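First up is the structure itself, then whatever we jot down about it.
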Amino acid sequence: MSRIALVSAMHEELAAVLERMPDEQKTVVAGREFWVGHWHGHEVVAVLSRIGKVAAATTATTLIERFGVKRMVFTGVAGGLAPHVNVGDVVVAREFIQHDMDASPLFPRHEVPLTGMTRFAADAALSEALATAAPLAMQDMLATLPQTEWLNLDLSNAQLHQGLIASGDRFVSQTMESQALQRELPDALAVEMECAALAQVCHDYDVPLAAVRTISDRADDAAHVDFPRFIQSIASRYSVAVLDRLLVQLSA
Ligand code: ADE
């Protein structure tokens with residue numbers, strides 16, 4: 001059976017995942033706790049990515065080299081960048097870019113030196129499965145989450161978007177910066193701090209990667225307020241719901 005890595009960005013998400021794994025065993029490597037166990041008949045390895053591109057790349061490399069994972073699925077939150085991507089929406093990545101990669105004039109802006117690549121693709125089949133699971137998971141979550149905890153968001157109308165996710169080593173919390181990113185990468189849907197690094201590692205090792213991010217904030221002047229509220233109430237519940245649906249689907 002091929003091992004699947006379940007990579008989360010936040011403790012709350014990992015805790016919710018571990019509740020679903022009855023037989024998990026912990027191994028510590030590079031200061032990270034890797035939890036090997038089963039969920040819906042799949043052999044899974046659950047771990048926190050940690051925050052930022054280098055931390056995420058180390059986690060991904062360890063998952064592949066030490067734990068032999070053959071597929072990787074990331075869940076977390078992101079800031080909405082494109083004007084139509086609102087708080088509470090869901091983004092399934094189809095491509096990843098490092099928005100802060102700039103070795104110009106030696107290499108073109110955003111190109112990862114010596115790879116000739118600017119954008120890294122998500123795995124098509126795994127992303128398709130995630131996109132099928134995503135709206136079902138939203139319904140599952142809303143069925144058990146009292147409306148008083150919806151943070152005044154219209155979650156029953158949450159939209160699913162698919163496309164480019166931009167990663168960089170910055171929490172984007174200023175409207176000016178978010179607007180500059182939108183001008184620079186007009187098709188980027190959301191911004192976060194890990195997935196393009198995972199994508200580069202997965203590309204090097206030929207390991208399929210898919211990622212889903214709920215939108216916790218608009219990467220603007222209110223981001224520092226919206227982000228923690230969203231994580232506490234919604235993010236981990238959604239992550240576990242989407243993984244639950246995905247793993248059932250992958251067994252079918
Ligand atoms: N993750 C969630 N919101 C974010 C933001 N505004 N910037 C970077 N990463 C994020």
Side-chain angles (χ1 to χ4, degrees), residues 7-14 16 47-60 73-102 110 119-120 122 130 134 138 141 151 153 155 158-200 209-240 242:
V7 187
S8 336
M10 291 161 300
H11 282 103
E12 293 88 341
E13 287 178 289
L14 177 64
V47 66
L48 285 180
S49 59
R50 297 207 172 180
I51 297 170
K53 291 185 300 172
V54 174
T58 303
T59 304
V73 179
F74 182 96
T75 62
V77 296
L81 265 192
H84 63 292
V85 178
N86 297 307
V87 175
D89 285 357
V90 177
V91 176
V92 170
R94 291 300 183 148
E95 283 185 310
F96 306 94
I97 191 166
Q98 295 181 38
H99 68 74
D100 54 355
M101 175 59 77
D102 186 2
H110 297 131
R119 294 175 178 218
F120 292 81
L130 207 43
M138 184 60 76
M141 184 188 76
L151 305 177
L153 298 168
L155 293 176
Q159 301 295 304
L160 169 65
H161 309 275
Q162 299 189 62
L164 179 66
I165 285 188
S167 311
D169 283 320
R170 267 203 309 273
F171 184 82
V172 180
S173 59
Q174 286 179 358
T175 305
M176 289 255 291
E177 186 178 358
S178 159
Q179 287 171 344
L181 274 175
Q182 282 175 57
R183 280 193 297 275
E184 202 171 283
L185 296 167
D187 63 333
L189 297 172
V191 62
E192 38 82 310
M193 303 179 66
E194 295 84 20
C195 277
L198 294 183
Q200 187 179 335
L209 168 71
V212 59
R213 295 267 188 179
T214 37
I215 299 302
S216 54
D217 57 81
R218 282 280 312 156
D220 57 10
D221 296 335
H224 65 290
V225 180
D226 296 340
F227 176 82
R229 287 195 317 157
F230 191 88
I231 284 176
Q232 269 199 333
S233 321
I234 297 169
S236 56
R237 285 192 180 92
Y238 182 76
S239 294
V240 84
V242 79

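Counting starts at 1 for both ligands and their atoms, in listed order. If you read the sequence from its start, that first residue is 1, and numbering goes on from there. These numbers were taken from a predicted model, which means no experiment stands behind them.
- Side-chain polar atoms of Ser167 and Glu192 form a donor-acceptor pair below 3.5 angstrom.
- Taking any N or O of Gly79, backbone or side chain, at least one lies under 3.5 Å from an N or O belonging to ligand 1.
- Of all atoms in ligand 1, listed by their number and element, those nearer than 4.0 Å to a heavy atom of Met193 are 8 (C), 9 (N).
- Protein heavy atom in closest approach to atom 9 (N) of ligand 1: Glu192 CA, 3.3 Å.
- Looking at Leu209 and Phe120, their side chains never come closer than 4.5 Å, going by heavy atoms from C-beta outward.
- Protein heavy atom at the shortest distance from atom 3 (N) of ligand 1 is Asp217 OD2, 2.7 Å.
- Any N or O atom pair closer than 3.5 Å counts here, and Val172 shares at least one such pair with ligand 1.
- For ligand 1, the atoms closer than 4.0 angstrom to any heavy atom of Ser216 are 2 (C), 3 (N).
- Protein heavy atom at the shortest distance from atom 8 (C) of ligand 1 is Arg170 O, 3.5 Å.
- The side-chain hydrogen bond (donor to acceptor under 3.5 Å, both in side chains) with His110 is formed by just one residue from the set His99, Arg119, Glu184; it is Glu184.
- Taking a cut-off of under 4.0 Å to the non-hydrogen atoms of Phe227, the atoms of ligand 1 that pass are 2 (C), 3 (N).
- Side-chain atoms of Phe230 and Asp217, non-hydrogen and from C-beta on, never get closer than 4.5 Å to each other.
- Every N/O-N/O distance between Ser173 and ligand 1 stays at or above 3.5 Å.
- Looking at Thr59 and Leu48, their side chains never come closer than 4.5 Å, going by heavy atoms from C-beta outward.
- Of the N and O atoms on the side chains of Ser239 and Glu13, at least one donor lies less than 3.5 Å from an acceptor on the other residue.
- Using a distance-only test at 3.5 Å, with no hydrogens or angles considered, no donor-acceptor pair links the side chain of Arg213 to the main chain of Gly79.
- Shortest contact from atom 4 (C) of ligand 1 to any protein heavy atom: Phe171 CE1, 3.3 Å.
- Residue-level proximity to ligand 1 for Ala219 is carried by backbone and side chain together, each with a heavy atom below 4.0 angstrom.
- By the 4.5 Å heavy-atom criterion applied to side chains, Val90 and Gln159 are not counted as neighbours.
- Ligand 1 has no atom lying under 4.0 Å from any heavy atom of Arg213.
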